[in-house]
A.B. asks: 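Pasting in a structure now, in structure tokens, and then I'll have a few things to ask.
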Amino acid sequence: NREHIWPKSYGVGYSGSDTSDVHNLRPADWNVNSARGNLFFDMCTDGSCSSPAHSEAAADTAKDGERFMPPAAVRGDIARSLFYMAIRY
């Protein structure tokens, strides 16, 4: 399964180069991707998030109703992808 880092519902089109840009796609577990949905990526450090974000997700993930904290190992990659998409499109 693949995950769009910048969700289509937040402005990436359904056709054209932005929907298939490899900088916006990452491999993902289907269940974890579904648990994230369209939540914004953000840090969950105030104790309001449940951790892990899903039973199949890494132990250092978390989420609440507004945000999803990805595993530490990929946070930099995700930040760079979001920056690229914001500038490029």
Side-chain angles (χ1 to χ4, degrees):
N1 191 27
R2 68 174 191 241
E3 172 182 7
H4 285 89
I5 299 297
W6 192 298
K8 292 179 184 178
S9 62
Y10 290 151
V12 172
Y14 285 84
S15 63
S17 60
D18 54 350
T19 192
S20 60
D21 192 315
V22 296
H23 295 290
N24 188 38
L25 299 173
R26 292 193 52 87
D29 178 89
W30 187 90
N31 291 321
V32 177
N33 188 29
S34 179
R36 179 199 163 215
N38 289 345
L39 297 175
F40 290 102
F41 288 111
D42 197 0
M43 297 299 290
C44 288
T45 57
D46 60 7
S48 66
C49 295
S50 58
S51 183
H54 185 274
S55 61
E56 296 178 18
D60 59 347
T61 63
K63 78 172 192 168
D64 63 13
E66 299 176 7
R67 58 195 164 171
F68 183 94
M69 184 172 74
V74 297
R75 289 179 194 154
D77 296 337
I78 290 172
R80 282 184 288 279
S81 293
L82 290 172
F83 178 72
Y84 168 82
M85 292 299 290
I87 298 299
R88 175 69 175 91
Y89 300 104

A.B. asks: Could you give the distance from CE (M43) to SG (C49), rounded to the nearest 0.5 Å?
C.D. replies: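 Atom-to-atom, M43:CE and C49:SG are 10.0 Å apart.
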A.B. asks: Does a side-chain heavy-atom distance below 4.5 Å link V74 with F41?
C.D. replies: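 No, too far: nothing below the 4.5 Å cut-off.
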A.B. asks: May I ask you to test the M85-I5 pair for a side-chain heavy-atom distance under 4.5 Å?
C.D. replies: no
A.B. asks: Between P52 and A58, which heavy-atom pair has the shortest distance, and what is it?
C.D. replies: CB-O, 3.4 Å
A.B. asks: I'd like to know if the side chain of S81 reaches the main chain of D77, judged simply by a donor and an acceptor atom lying under 3.5 Å from each other, with no hydrogens or angles considered.
C.D. replies: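 Present.
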A.B. asks: Can you establish whether the number of heavy atoms outside R75 located under 6.0 Å from its atom CZ is more than 12?
C.D. replies: yes
A.B. asks: Is there a chain of hydrophobic side chains (I, L, V, M, F, W, Y, each step under 4.5 Å between heavy atoms) that links F40 to L82?
C.D. replies: yes
A.B. asks: Are T61 and H54 side-chain neighbours, meaning at least one heavy-atom pair lies under 4.5 Å?
C.D. replies: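 No - every pair of side-chain heavy atoms lies 4.5 Å or more apart.
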A.B. asks: Going by heavy atoms in the side chains, are S48 and R67 under 4.5 Å from each other?
C.D. replies: yes
A.B. asks: Looking only at non-hydrogen atoms, find the nearest pair between D21 and Y84 and report the distance.
C.D. replies: OD2-OH, 2.8 Å
A.B. asks: Assess whether side chain to side chain contact (heavy atoms under 4.5 Å, CB included) is satisfied between L25 and E3, documenting all intermediate values.
C.D. replies: CA-CA 6 Å; L25 299 173; E3 172 182 7; over 6 Å; no
A.B. asks: Are F83 and Y10 connected, step by step, through hydrophobic side chains (Ile, Leu, Val, Met, Phe, Trp, Tyr) whose heavy atoms are closer than 4.5 Å?
C.D. replies: no
A.B. asks: Might you point out which heavy atoms bring L39 and G65 nearest each other, and give the distance in Å?
C.D. replies: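 Taking L39 first and G65 second, the nearest heavy atoms are CD2-O, 3.3 Å.
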A.B. asks: Could you check whether any side-chain heavy atom of M69 comes within less than 4.5 Å of a side-chain heavy atom of D42, counting everything from C-beta outward?
C.D. replies: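 No, side chains not in contact.
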A.B. asks: Suppose we screen for side chain to side chain donor-acceptor pair (under 3.5 Å). Which residues come up paired with D29, at least two apart in sequence or across chains?
C.D. replies: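 For D29 there are no side chain to side chain donor-acceptor pair (under 3.5 Å) partners, ignoring immediate neighbours.
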A.B. asks: Does a side-chain heavy-atom distance below 4.5 Å link H23 with R88?
C.D. replies: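 Side-chain contact under 4.5 Å: no.
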A.B. asks: Would you please name every residue forming a ring pair (Phe, Tyr, Trp, His ring centres under 6.0 Å) with Y89, sequence neighbours left out?
C.D. replies: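 Partners of Y89 by the ring pair (Phe, Tyr, Trp, His ring centres under 6.0 Å) criterion come out as none, since no residue qualifies.
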A.B. asks: Do you know the tightest heavy-atom contact between D60 and A72?
C.D. replies: OD2-N, 2.9 Å
A.B. asks: Minimum heavy-atom separation for D64 to E66, with atom names?
C.D. replies: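 Between these two residues, the closest heavy atoms are OD1-N, 2.9 Å.
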A.B. asks: Tell me if the CD atom of E56 is crowded by more than 12 foreign heavy atoms within 6.0 Å.
C.D. replies: yes
